[in-house]
Protein chains: 2
Amino acid sequence: MAEQTKAARRTPLTRDRVLRAAVVLADDIGIEALSMRKLAQELGVVPMALYKHVANKEQLLDGMVDVVVGEIEPPVAGADWKSAVRRRILSARRALVGHSWAAQVIRTRSGPTPAVLAYMDSVIGMFRTGGFSVDLTHHAMHALGSRMMGFTQELFDASPGPDPRTRPARPQEDAGEYPYVRELAGAVAHDEGSVVGQGCDDQFEFEFALDLLLDGFERLRRQGWSSAGRSGGRTT
Amino acid sequence: MAEQTKAARRTPLTRDRVLRAAVVLADDIGIEALSMRKLAQELGVVPMALYKHVANKEQLLDGMVDVVVGEIEPPVAGADWKSAVRRRILSARRALVGHSWAAQVIRTRSGPTPAVLAYMDSVIGMFRTGGFSVDLTHHAMHALGSRMMGFTQELFDASPGPDPRTRPARPQEDAGEYPYVRELAGAVAHDEGSVVGQGCDDQFEFEFALDLLLDGFERLRRQGWSSAGRSGGRTT
DNA sequence: GTTGACGAGTGTACGGCGTACACCTACCGT
DNA sequence: ACGGTAGGTGTACGCCGTACACTCGTCAAC
């Protein structure tokens, strides 16, 4: 039974187990509080044990991104380019919203992991088979930016929140400055949320901007736009 | 002369001096290498001296953002809304490109500093006086997101770069996967840059997407769009 | 059955970080 | 002349990532 306790005492560590544990730990305590030491403790293991499975914390973060990206649904076949891209991006968004840290981590990676690259490849493919030139596809990908991964880049995160002290004072109810901000914030009116990003329907805002861009792409595609003219797409 | 050496030995610390020193230090060594200790050393002072002028590192970063935002040119008067907004955003971009860390820092602030708020207020004002409803202005601001501050959110930064080791292998020249990525990367062809974001004309990409959005806004404004319909702006 | 290599997990230690807290000291208004 | 105060100091604590040397269980080869 000694062997049994030993055998049962812990399932052996795996790169995969480490990454998944890191993901749920980051979900729980936030990405900035995630440390190798806490992760090791969560796994009932000494910190250095992790380094047998990931080279360093950077690679841990890379792996965590891949776990999340792996949750994106595969592309659907047989649809026009716009709805195909739209569905895929909204699926990516669905995968990312559950992990509020993912967007920030993805941005700080200095290059795409293979899983991300594969995802990008599939999106590019949708444009190309949808009749987009390489040129226009290229610029469309840039224009989408992080929106392609399903997260809009709001100016401020407004997500973590559990530490609202030492902030530079509520800008909300003080002096009568920022009249336009106040007007806009008042009109949004949901709850008492922050200036922008809180009390708003994030999903609607995301689709609003996404569709604005996709419609713009479609318009440029129809008129055979090319960057050679360098008009920048301006219509005025 | 003892007093003279003492007097001349150092100009007294100031919140402003601290912030400006932090900005140039971050410009030099990168934001992730910026520490209170290094900043103090740069100022010829003991680390704790800084805390007489900033409450903590978070507030230091807040202050650094305000310094950069302070470099944005004031708005120009008497122009149609679109070129006014366009000029202001491109000016913000000009202010931010010199400080490659600024975008990342702004994103990690949990709320807008007064200077940022003032800037946002002026942009909102441009939409409103340009004939936009509060509603459409609101969604336009969301759609602009961080682009309003002059930085596009590329998927990956590709900016720091001085530490290209321990990265998960060049995705460029290995197996024949990612055919679309390869096609696109090949077409861009400038240098040997990374998959996306390197070897591209960032300024062009920025204006391309910005104009796509501004044109979209204008179109919606003309047709009296309102979110009540919740069409999301789709045209198809 | 013994052995020896090997890989997973351990223990200790180092240097760097942010910052709490007590202290000193030069200056200034009274 | 003096007491308060604001700015700069020194020490120390607990956290971080991780280098490096180690133990120990497993398993293949003999």
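Below, chain A is the first sequence line, B the second, and so on; all start at residue 1.
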Under 3.5 Å side-chain donor-acceptor pair for B:Asp62 and B:Thr113: no
Nearest-Å distance for atom pair NZ/C1', residues B:Lys57 and C:dT19: 12 Å
C:dG16 base / B:Arg37 side chain donor-acceptor hit below 3.5 Å: no
Pairwise side-chain contact, A:Val85 with A:Leu210, heavy-atom cut-off 4.5 Å (strictly under): no
Length of the CG-C1' vector between B:Leu39 and C:dT19, whole Å: 14 Å
Distance test, side-chain N/O of A:His53 to OP1/OP2 of C:dG7, below 4.0 Å: no
Length of the line joining B:Tyr51:OH and C:dC21:C1', which is rounded to integer Å: 13 Å
Separation of atom CZ in A:Arg17 from atom C1' in C:dA8, rounded to whole Å: 13 Å
Proximity to the side chain of B:Pro12 - top-ranked nucleotide from D:dG17, C:dT10, D:dG8: D:dG8
CZ on B:Arg93 to CE on B:Met148, rounded to 0.5 Å: 15.0 Å
Whole angstrom value for the distance that separates C1' of C:dG18 from CG of B:Leu60: 12 Å
Phosphate OP1/OP2 of C:dC17 contacted by B:Lys38 side-chain N/O (<4.0 Å): yes
Toward the 5' end of DNA chain C, by each residue's nearest nucleotide, A:Met48 or B:Pro47: A:Met48
Side-chain donor-acceptor pair present, A:Ser122, A:Arg88, cut-off under 3.5 Å: yes
Rounded distance in Å - CZ (A:Arg15) to P (C:dG7): 18 Å
Between B:His139 and A:Phe204, ring centroids under 6.0 Å: yes
d(CE, A:Met36; P, C:dC14) in whole Å: 21 Å
Nucleotide nearest B:Asn56 when distance is taken to its side chain, options C:dG18, C:dT19, D:dT18: C:dT19
Spacing between A:Gln41 atom CD and C:dT10 atom C1', to the nearest angstrom: 16 Å
Side-chain N or O of B:Lys52 closer than 4.0 Å to phosphate OP1/OP2 of D:dT9: no
